[in-house]
S.K.: 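Encoded as structure tokens, here's the structure I'll be asking about.
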There are 2 protein chains.
Amino acid sequence: MVQYIDTSLDAKFAALSDATRRGVLERLFQGEASISDLAERFHMTLTGMKKHVSVLEQAGLVASEKVGRVRTCRLGPGTLEAEMEWMAQYHALWTARFKALDRVIADLKSKEQGNEQEND
Amino acid sequence: MVQYIDTSLDAKFAALSDATRRGVLERLFQGEASISDLAERFHMTLTGMKKHVSVLEQAGLVASEKVGRVRTCRLGPGTLEAEMEWMAQYHALWTARFKALDRVIADLKSKEQGNEQEND
DNA sequence: CAATAACTGAACCAAATGGTTCAGTATATA
DNA sequence: TATATACTGAACCATTTGGTTCAGTTATTG
């Protein structure tokens with residue numbers, strides 16, 4: 001059943017709420033990248049990008065490892081399973097609600113057909 | 001294909017990144033509620049709850065209407081279709097990546113079986 | 001060994017967030 | 001009509017966010 005308040009979803013949804021961060025994930029789909037790579041691609045300082053990567057790491061969506069002087073970033077161990085589930089639930093209920101509405105409308109229309117009048 | 005940076009997802013992901021707001025949506029699954037109802041349920045002032053409802057309305061996830069002195073909130077016209085799609089894509093790629101990893105591991109194991117030694 | 005490259009931490013900044021209180025306004029009720 | 005209810009807007013506040021610069025530290029390269 002739908003839970004009351006589940007704080008564990010916060011971090012991932014928050015991580016995804018920034019376009020740059022989603023961009024970083026999309027970039028990492030294609031393979032590893034250093035902080036420099038990412039910073040350049042998104043027109044940002046190294047420090048700025050590092051912060052984004054940290055947020056993604058906190059959420060488990062990115063993992064990184066420093067070897068030599070470069071930190072290599074890749075997709076992390078965290079999935080979006082719980083988040084997808086939440087949304088699927090929402091979607092199902094939302095759809096159900098509108099199907100119900102459709103039925104009401106269909107109902108109204110069928111009644112209208114019975115006695116044609118009373119519009120405006 | 002995966003897009004570069006799509007800002008249109010920001011509002012909805014941000015709306016979902018707060019536990020109270022997800023709670024409000026869950027509450028509205030079950031039917032309409034006034035600002036007072038919601039405020040009480042989430043132990044917050046009317047003003048505070050009004051802000052959350054506004055955020056959800058901005059994202060299209062909630063619609064509200066004031067009749068008399070009470071504002072009634074219900075689920076809004078906005079879907080999470082695009083967001084689900086983004087996540088599904090992520091999930092597919094993530095899974096694919098680990099399937100590939102699994103293959104590599106399986107490969108290593110089969111080689112190990114061939115010449116049993118060299119572990120630690 | 002000198003210079004350069006890649007990152008990192010601290011400090012700062014402006015704006016946004018998540019809340020509050022307080023002072024209305026509008027509506028309902030006794 | 002007086003009072004209570006339901007909301008709203010403005011102002012405030014602390015914290016977080018998304019960025020920056022600057023001053024290191026640690027590798028790499030010439």
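Letters A, B, ... are given to chains in the order of the sequence lines, protein chains preceding strands, and every chain is numbered from 1.
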S.K.: With sugar-phosphate meaning primed atoms plus P, OP1 and OP2, does B:K51 contact a base, only sugar-phosphate, or nothing at under 4.0 Å between heavy atoms?
M.R.: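 B:K51: base contact, heavy atoms under 4.0 Å.
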
S.K.: Taking CZ from B:R71 and C1' from D:dT8, how many angstroms apart are they, rounded to a whole number?
M.R.: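 To the nearest whole Å, that distance equals 9 Å.
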
S.K.: For A:K66 and C:dA6, give me the distance from atom NZ to atom P, rounded to whole Å.
M.R.: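 Distance check: A:K66 NZ to C:dA6 P gives 12 Å.
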
S.K.: Is the side chain of B:R21 donor-acceptor paired with the backbone N or O of B:A15 at a distance under 3.5 Å, no angle test?
M.R.: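 Pair found, side chain donor or acceptor close to backbone of B:A15.
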
S.K.: Where is the tightest heavy-atom contact between A:T72 and A:E32, given as atom of each residue plus distance?
M.R.: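 So the minimum-distance heavy-atom pair works out to CG2-OE1, 3.4 Å.
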
S.K.: Does a nitrogen or oxygen in the side chain of A:R21 sit under 4.0 Å from OP1 or OP2 of D:dG18?
M.R.: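 Indeed, a polar side-chain atom of A:R21 lies that close.
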
S.K.: Does the side chain of B:H52 get closer than 4.0 angstrom to OP1 or OP2 of C:dT17 through an N or O atom?
M.R.: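 For C:dT17, neither OP1 nor OP2 has a side-chain N or O of B:H52 closer than 4.0 Å.
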
S.K.: Within this structure, what is the CE-to-P distance between A:M49 and D:dT20, rounded to whole angstrom?
M.R.: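 Whole-Å distance recorded here is 10 Å.
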
S.K.: If you assign each of B:T45 and B:V67 to its closest nucleotide in DNA chain C, which residue comes earlier from the 5' end?
M.R.: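 So the residue in question is B:T45.
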
S.K.: Taking atom CD of A:Q58 as the centre, does the number of heavy atoms from other residues, nucleotides or ligands within less than 6.0 Å exceed 12?
M.R.: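 No - once you tally the heavy atoms of other residues, nucleotides and ligands closer than 6.0 Å, there are 12 at most.
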
S.K.: Using whole Å, what does the distance between atom P of nucleotide D:dT17 and atom NZ of A:K50 come to?
M.R.: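 For the pair A:K50 NZ and D:dT17 P, the rounded distance is 16 Å.
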
S.K.: Provide, to the nearest angstrom, the distance between the CE atom belonging to A:M44 and the C1' atom belonging to D:dT17.
M.R.: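 Rounding to the nearest Å, CE of A:M44 and C1' of D:dT17 are 12 Å apart.
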
S.K.: Report which part of the nucleic acid B:G48 touches: base, sugar-phosphate, or nothing (heavy-atom distance under 4.0 Å, all strands).
M.R.: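 Since a base atom lies under 4.0 Å of B:G48, the category is base.
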
S.K.: Over how many whole Å does the gap from B:Q58 atom CD to C:dG18 atom C1' extend?
M.R.: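 Rounding to the nearest Å, CD of B:Q58 and C1' of C:dG18 are 16 Å apart.
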
S.K.: Mark yes or no for whether A:W94, through its side chain, and B:P77, through its backbone, hold a donor-acceptor pair below 3.5 Å.
M.R.: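 No; zero donor-acceptor contacts below 3.5 Å.
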
S.K.: Ignoring hydrogens and geometry beyond distance, is the side chain of B:R69 in donor-acceptor contact with the base of C:dA26 at under 3.5 Å?
M.R.: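 No such pair is found, so the answer is no.
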
S.K.: So what does B:S34 hit on the nucleic acid, given a heavy-atom distance under 4.0 Å: a base, only sugar-phosphate, or nothing?
M.R.: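 Sugar-phosphate: the residue B:S34, judged by heavy atoms under 4.0 Å, touches backbone atoms but no base.
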
S.K.: Write down the distance between CG (A:D18) and P (C:dT17), rounded to a whole number of angstrom.
M.R.: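 So the CG-P distance, A:D18 to C:dT17, works out to 12 Å.
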
S.K.: Can you tell me if B:R74 uses its side chain to pair, donor with acceptor, with the backbone of B:A63 under 3.5 Å?
M.R.: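 Not at all, since once roles are kept as given, no pair shorter than 3.5 Å links the two residues.
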
S.K.: Is any side-chain N or O of A:T47 under 3.5 Å from a base N or O of D:dG19, one able to act as donor and the other as acceptor?
M.R.: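 Not at all, since no donor on one side and acceptor on the other fall under 3.5 Å apart.
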
S.K.: Could you state the atom-to-atom distance from CZ of B:F13 to C1' of C:dT17 in whole Å?
M.R.: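 Distance, rounded to whole Å: 19 Å.
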
S.K.: Which part of the nucleic acid does A:L46 contact within heavy-atom distance under 4.0 Å: base, sugar-phosphate only, or nothing?
M.R.: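 Base contact - A:L46 has a heavy atom under 4.0 Å of at least one base atom.
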
